[in-house]
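In what follows, a structure is listed as structure tokens, so that the remarks can point back to it.
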Protein chains: 2
Amino acid sequence: MVLDERKYMILKAIIDDYIITAMPVGSRTVSRKKGVGFSPATIRNEMSDLEELGYLAQPHTSAGRVPSDKAYRLYVDSLLNSEELTVEEKKRIEDYIARRSGQVEDVIRAAADILADATQYTSVVVAPRIQSLRIKRVQMVPVDENTALMIVVTSAGIIKDALISIPPDMSSENLYSISEMLTRELKDHTLSEVRQIFARVFRDMSMNRRLLGGVMKVMEEKLVEDAPEDIVIGGTTKLLNYPEYSDIEKAKNFLTLFENKDRLAGMLKRAGGMEITIRIGRENEIEALQNCSLVTATYRVGNNASGTLGVIGPTRMNYRRVVSMMEYMGEVISKMLSGGNE
Amino acid sequence: MVLDERKYMILKAIIDDYIITAMPVGSRTVSRKKGVGFSPATIRNEMSDLEELGYLAQPHTSAGRVPSDKAYRLYVDSLLNSEELTVEEKKRIEDYIARRSGQVEDVIRAAADILADATQYTSVVVAPRIQSLRIKRVQMVPVDENTALMIVVTSAGIIKDALISIPPDMSSENLYSISEMLTRELKDHTLSEVRQIFARVFRDMSMNRRLLGGVMKVMEEKLVEDAPEDIVIGGTTKLLNYPEYSDIEKAKNFLTLFENKDRLAGMLKRAGGMEITIRIGRENEIEALQNCSLVTATYRVGNNASGTLGVIGPTRMNYRRVVSMMEYMGEVISKMLSGGNE
DNA sequence: CGTTAGCACTCACTTAGGTCGAGTGCTAAT
DNA sequence: ATTAGCACTCGACCTAAGTGAGTGCTAACG
């Protein structure tokens with residue numbers, strides 16, 4: 001069923017109002033809005049229809065109406081000719097992110113902070129999945145007699161380093177030359193190809209079998225398999241400022257969500273792929289988010305890898321602003337992380 | 001004024017009860033406790049005295065009494081013949097921490113988690129101050145044409161790495177030999193001595209002036225000066241489970257505290273030095289903590305560096321348990337971080 | 001004289017009833 | 001089709017009364 005012009009306008013007016021006030025909207029309020037030339041009574045009739053259609057709900061009989069998830073969905077699907085950001089805002093974003101050295105972690109962190117700050121909602125940023133990044137260099141640095149630090153450099157910058165144990169008689173020079181060899185072999189391959197390459201190379205290399213075995217194990221565990229997702233959260237407490245979270249129980253539920261990053265990551269990943277995704281209220285699978293909306297965007301690193309940006313806010317969030325924000329952030333981050341060294 | 005035996009016993013009984021229930025304690029409740037052979041009336045008289053002395057307070061006339069900060073202070077100062085942990089608990093702590101590779105960051109993180117989990121309060125762990133650690137090795141690894149990753153290894157393990165820019169014509173071998181040179185020069189010196197050493201070495205090394213200048217700058221900025229403290233928080237939302245935080249405003253204040261890690265770090269640092277410190281209620285400088293207690297402990301890394309553990313809970317926290325917990329944790333972490341490679 | 005029983009008193013908390021007002025749905029007039 | 005009018009609903013807010021845990025004081029007791 002398609003809404004006629006007037007119903008649509010009224011619905012929009014209600015949503016717009018509710019987004020700001022978080023209070024049920026009554027017919028009088030709507031009729032007073034400029035551009036609406038009808039009396040409260042007429043509005044009431046329409047509102048009644050809209051309620052029947054599932055776009056509005058009444059918290060109780062004699063209260064105004066509140067938009068339903070379905071209403072937001074409609075709103076979002078249609079009204080989103082995303083509002084442009086002002087030049088100042090764009091500049092601010094770029095500056096803030098560009099100040100980072102370009103190391104993945106830093107950029108991610110900065111992105112989360114600025115997203116939370118600019119939207120006043122909670123933000124989540126997932127680091128790019130690294131399996132499909134191309135290796136540029138492998139280097140092991142001795143730390144003490146039994147341990148070395150292994151660093152893998154990819155096209156997107158440094159991948160989180162890992163400690164591995166080395167045979168006690170291994171010299172620093174030896175380690176260096178093995179690193180060189182590894183770099184030679186693995187260069188330009190993706191991390192997910194490491195296993196096959198090792199299988200091939202291993203045959204010729206019986207001498208350093210133990211060390212190389214260790215290297216591969218670490219790469220597999222830490223880098224290839226779905227390791228604990230690298231995920232950063234900004235503005236955790238931002239949502240506490242909104243009246244829908246004045247209930248301590250809800251707040252607790254919400255905050256606890258962030259202590260289990262894996263679940264969060266899973267959720268975001270499922271949303272991934274699309275350029276922009278919006279999950280409104282019940283559309284979220286995680287219970288604690290069912291009175292929130294989640295907006296996600298994907299950014300790319302090079303040609304293969306990608307990560308996810310997310311903003312979590314009340315269902316009555318300012319979708320326009322958030323979406324345009326995310327679109328722009330996605331661009332900037334992609335440029336930042338792919339740029340220069342591809 | 002020293003409390004007589006009986007007053008003391010009654011005060012202790014009240015505190016013990018209040019720690020568990022978080023409700024004002026009445027005379028009847030106290031008199032019913034085993035070991036207390038007096039009628040409510042007698043207790044009342046004593047309680048009245050204790051109130052006059054500043055150890056108890058009444059939320060309102062016809063409520064029971066609540067211990068004051070002063071009472072906790074007395075309690076803490078005297079009753080703390082710290083209760084031993086059970087063998088299982090000790091084992092659990094050790095296991096949990098020992099599973100970590102020994103990299104500082106991991107240990108810190110693990111410590112925060114287990115502290116929060118075991119106490120059910122919020123925990124804070126500050127990484128060891130690194131200025132006074134001795135350098136074991138300096139290594140630069142090329143990342144791309146213009147950038148290298150600099151790694152400084154100290155006696156406590158790896159110190160957070162930093163990106164520095166390098167001249168475009170610098171070869172990988174060249175970088176390696178410079179690293180070797182740096183290691184030679186800086187080995188066994190503390191990070192705070194770097195500046196003088198550089199001043200001395202610089203004269204001889206006009207060729208790589210720019211690179212070395214960069215190295216020193218990074219070391220100074222990131223490693224020596226009071227860089228943004230490396231600090232980790234565990235169980236952020238734990239306190240929300242206690243009734244004293246059922247007020248959303250207080251909760252918000254409290255949680256916001258953790259978004260500014262520098263302030264937290266400052267606070268903890270000020271407490272540092274002592275083996276165990278306890279700040280009760282108003283004794284805390286930060287306003288948001290004035291109805292909390294903060295227990296801190298210091299751990300050592302090698303002979304010079306040290307870091308801080310902290311637990312934040314309601315003033316009615318279980319001091320005994322927390323203190324013994326922290327004492328043991330301090331030991332374990334010190335052993336963990338100093339051990340093996342000193 | 002320290003201890004205790006007794007009693008009047010206080011005061012937060014709960015419950016019930018009462019008013020207020022924003023908002024509704026329906027009906028009848030325009 | 002629109003709107004004015006009106007009875008109705010129901011949460012929010014206020015007040016009053018009742019309840020009970022706890023107190024302080026006083027007088028009696030061993």
Side-chain angles (χ1 to χ4, degrees), chain A residues 3-11 13-18 20-68 71 243-244 246-247, chain B residues 3-11 13-18 20-68 71 243-244 246-248 316:
Chain A
L3 299 183
D4 66 42
E5 192 67 21
R6 196 169 72 183
K7 282 196 175 50
Y8 192 80
M9 184 191 72
I10 290 172
L11 183 57
I14 293 173
I15 295 177
D16 282 339
D17 193 86
Y18 189 73
I20 298 170
T21 64
M23 306 269 281
V25 185
S27 52
R28 233 170 79 93
T29 316
V30 175
S31 95
R32 264 203 299 252
K33 287 215 166 179
K34 81 169 179 191
V36 183
F38 303 98
S39 76
T42 312
I43 308 286
R44 276 206 289 283
N45 289 330
E46 297 287 36
M47 281 165 90
S48 176
D49 290 354
L50 284 168
E51 179 164 6
E52 206 154 321
L53 292 169
Y55 290 103
L56 293 177
Q58 270 183 304
H60 56 87
T61 322
S62 74
R65 256 81 167 198
V66 165
S68 68
E244 30 270 272
S246 55
D247 176 23
Chain B
L3 299 182
D4 66 40
E5 192 67 24
R6 196 169 70 182
K7 281 196 176 49
Y8 192 80
M9 184 191 70
I10 291 173
L11 183 57
I14 292 174
I15 295 178
D16 281 337
D17 193 86
Y18 188 72
I20 297 170
T21 65
M23 305 270 282
V25 185
S27 53
R28 234 171 79 91
T29 316
V30 176
S31 95
R32 264 201 303 250
K33 287 216 165 179
K34 81 168 179 189
V36 183
F38 302 98
S39 78
T42 313
I43 308 286
R44 277 207 289 282
N45 289 329
E46 296 288 33
M47 281 164 87
S48 177
D49 290 354
L50 283 169
E51 180 164 3
E52 205 155 322
L53 292 169
Y55 290 103
L56 293 177
Q58 271 184 303
H60 56 86
T61 323
S62 75
R65 255 77 168 203
V66 166
S68 68
E244 30 270 272
S246 54
D247 176 22
I248 194 91
R316 61 176 185 95

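Chain naming here is simple, since letters A, B, ... match the order of the sequence lines and numbering starts at 1 in each.
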Taking CD from A:Gln58 and P from C:dT24, how many angstroms apart are they, rounded to a whole number? 7 Å
So which heavy atom on B:Met47 is nearest to which on B:Ile10, and how close? CG-CG2, 4.3 Å
A:Glu51 CD to C:dC26 P, in whole Å, measures 11 Å
Let me confirm one number: the CG-CG distance from B:Leu11 to B:Leu50, rounded to the nearest 0.5 Å. 5.5 Å
Can you tell me if A:Gln58 uses its side chain to pair, donor with acceptor, with the backbone of A:Gly64 under 3.5 Å? no
Counting only side-chain N and O atoms of B:Arg28, is one of them less than 4.0 Å from OP1 or OP2 of C:dT4? no
According to a strict under-4.0 Å criterion, is A:Arg65 in side-chain N/O contact with OP1 or OP2 of C:dT24? yes
Hey, can you pull the residues of residues 38-50 of chain B with a non-hydrogen atom under 4.0 angstrom from DNA chain D? B:Arg44, B:Met47
Contact check, side chains of A:Val30 and A:Val25, non-hydrogen atoms, under 4.5 Å: yes
Between D:dA1 (C1') and A:Lys7 (NZ): distance, integer Å: 12 Å
With sugar-phosphate taken as primed atoms, P, OP1 and OP2 and all else as base, the protein-contact string of nucleotides 9-20 of chain D at under 4.0 Å (heavy atoms; B, S, -) is BBS---------
Decide side chain to side chain contact (heavy atoms under 4.5 Å, CB included) for A:Tyr55 and A:Ile14; before the verdict, give the C-alpha distance in whole Å, the side-chain angles of both, and the deciding distance to 0.1 Å. CA-CA 11 Å; A:Tyr55 290 103; A:Ile14 293 173; over 6 Å; no
B:Gly35 versus B:Met9, closest heavy-atom pair with distance: O-SD, 3.9 Å
Is it true that a side-chain atom of B:Ser27 and a backbone atom of B:Ile43 form a donor plus acceptor pair closer than 3.5 Å? no
To the nearest 0.5 Å, atom CG of B:Asp17 lies from atom CZ of B:Arg32 at 10.0 Å
